[in-house]
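Below is one structure, written out as structure tokens, with a few remarks after it.
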Amino acid sequence: MATPRIRQTRVLPGFGPTLGYTLFWLSIIVLLPLAAVFIRASELSLEEFWTAVTAPRVVASYKLSFGLSLAAAALNAVFGLTLAWCLVRYRFPGKKLVDALVDLPFALPTAVAGIALTALYAKNGIVGQYLDPDGLARVALFAKDSAIGQFLEPFSAKVAFKPLGIFVALVFIGLPFVVRTVQPVLEDLDVELEEAAVSLGAGRLQTFLRVIVPVVLPALLTGFALAFARAVGEYGSVIFIAGNIPLVSEITPLMIFIKLEQPDYAGATAIAVVMLLISFVLLFIINGLQAWASRRTGRDR
Amino acid sequence: MMLVTAFVLAALYQGNAITQMKWRVLIVALGFAAYFALTSLSATFFAFIVFAAFIVSSGHATPFEGRAATREKGWVKWTLIITALIFFEFFVLMPLFAVFIEALRKGWGTYFEAFTLPDTRAAIGLTFLAAAIAVTLNLVFGIAAAWAIAKFEFRGKHFLTTLIDLPFSVSPVIAGLVFVLVFGAHGWFGPWLEEHDIKIVFALPGIILATVFVTFPFVARELIPLMQAQGKEEEEAAVVLGANGWKTFWYVTLPNIKWALLYGAILCNARAMGEFGAVSVVSGHIRGETNTMSLYVEILYNDYQFATAFAVASLLAVLALVTLVIKTTVEYFADRSRTQDNPES
């Protein structure tokens, strides 16, 4: 769209002051402090930097943080899509309550979520007591040493103070991101498309896979990426349930925190640089996905 | 159990499985009678309230269910709904209930005692103070940024928007770390600040800075797309008719963006009051002085004072629920004013 360039005169006042203030405030609150991390890290020699970011305990924390964040985001993508679908398509009792409460993980302070999940999934907690072999058998009304009780045993799990607990916390905080990105796209879906598919002889499942999924996919991936990005950096809700055992259940943000307390500023800064770089890459990917989504659906964002 | 009973009865009452109204009422009445026989009167009463809440909050029939092409078979629909609700129950509702159950485990006496402690009072006061300042600062920034970005064309606009979103993708621990690196004892301005006896890190200014960082994009993010969509014709008309900049903003722009502004402020406030990671790094955990409610909950919890910890946590949870109620109300009004403005859409 090549529009002829017209010399614009600005009718509205306030461009200078507002842009100036925006840039000033952005610089002192966000850009300068973030630059401090990179400048501090550049004072380290390359070797020092490398040893700091590849220490076994730190590497174990990357694996844990990224692996569990991926798994949690994937689970959220599946159930978040189902939930968004139900909220858009069906009328069911309590629907508006559920719709309002989807944002709870976002509004609930992370520390509160952390202690609540720990209380739920601890060995004698409201859910946790049913997850050990005895509890599972009790749920199924079979003794532990009966055939069915033995069959159930592998499904028992200790959640709190184990990596699985971190997973639960990451699922909790990621849910609104998937639901709230997918929901508006599902709402805007053209009913005619589905009717056309049906009139051309497609079944319901085929319509879903061939017509609905392609439209929703970019939004779903965006939600997945947002949930993943949030999960990687999450701290408050995880540290209570994680147990924080070195090499087993320490997440990367906790490593930064531990180094700061020692105090090992250089080490903390080096790990922070790694995490920031990953965040920037994720931000870049999310921006790309959102652009793709808006091209697909014709929405602004 | 109560939730399940109330849900099943509400679904039966509302669904099409039973065609005649009188049979539906009879079935629901029988259901409650059975529930009463199994439990107690108070539980049945409570279940009935939940049942009523479920019925009231079920919303309108969606357009999709009315058309043959977009309707699923009954069993598909209910399988999906039940799967989604079980997931929702385990990951969202149960943690919420757990907060209140644990808080009241030792009775109402212990619960209210938690709020009489001076440390609790100090933590509550500090949280509200820090949140109020942080929200105000972000409101001013959000309006300025949205005005510049939405009403004017300039190079690098897209890049600037991305930079404003940046704090969203930074881990809260790093958000705290950056201010320690700049203002801490070993930081850039550390020695200078110490000389002049100014405390930033491990004091209120540090907490506010970290909170502002974490909640930085909230207001701007709500305002920018809205103000872009509204265009600038109305403001230009006001200016041409002789209004100055402030007047234009006050009488033309502000009424147009008030809901989005309120919405952004509410989200910003919720996050500001609950922020844990970033504040944890910069606060230094000085009891009664630099402990916000979230940090205070952590300390109590690590001291095994579970009842008090959950009591304070329950206050934060109530604040979160209030936030959701206000948010839903604001969305409702914003929706209504939008449909009134252009009824055809």
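Both backbone and side-chain heavy atoms feed into the values below; hydrogens, waters and symmetry mates do not. Each chain gets a letter, A, B and so on, in the order its sequence line appears, and its residues count up from 1.
- Remark: the backbone N or O of A:Ala197 is not paired with any side-chain donor or acceptor of A:Glu194 at under 3.5 angstrom.
- Between A:Phe24 and A:Tyr21, the two ring planes are tilted [angle within 30° to 60°].
- When heavy atoms are compared at a cutoff of 4.5 Å, B:Thr328 approaches chain A solely by way of its side chain, counted from C-beta outward.
- For B:Ile174, the part sitting under 4.5 Å from any heavy atom of chain A is the side chain, from C-beta outward, and nothing else.
- Taking the six-membered ring for Trp and thresholds of 30 and 60 degrees, B:Phe276 and A:Phe240 have ring planes inclined between 30 and 60 degrees apart.
- Residue contact with chain A, scored on non-hydrogen atoms closer than 4.5 Å, involves the backbone and the side chain of B:Phe213 alike.
- B:Ile101 touches chain A through its side chain: at least one heavy atom from C-beta onward sits under 4.5 Å away, while N, CA, C and O do not.
- Residue contact with chain A, scored on non-hydrogen atoms closer than 4.5 Å, involves the side chain of B:Leu267 exclusively.
- Using a 4.5 Å cut-off between heavy atoms, B:Phe87 contacts chain A through its side chain alone, with no backbone atom that close.
- Ring-centre distance between A:Phe15 and B:Phe152: below the 6.0 Å cut-off.
- B:Val239 touches chain A through its side chain: at least one heavy atom from C-beta onward sits under 4.5 Å away, while N, CA, C and O do not.
- Ring pair A:Phe79/A:Trp85: centre-to-centre distance not below 6.0 Å.
- The aromatic rings of A:Phe106 and A:Phe177 lie perpendicular to each other, with more than 60° between the two planes, well past the 30° mark.
- Heavy atoms of B:Leu93 lying under 4.5 Å from chain A belong exclusively to its side chain.
- With a 4.5 angstrom heavy-atom cutoff, B:Glu102 touches chain A only via side-chain atoms.
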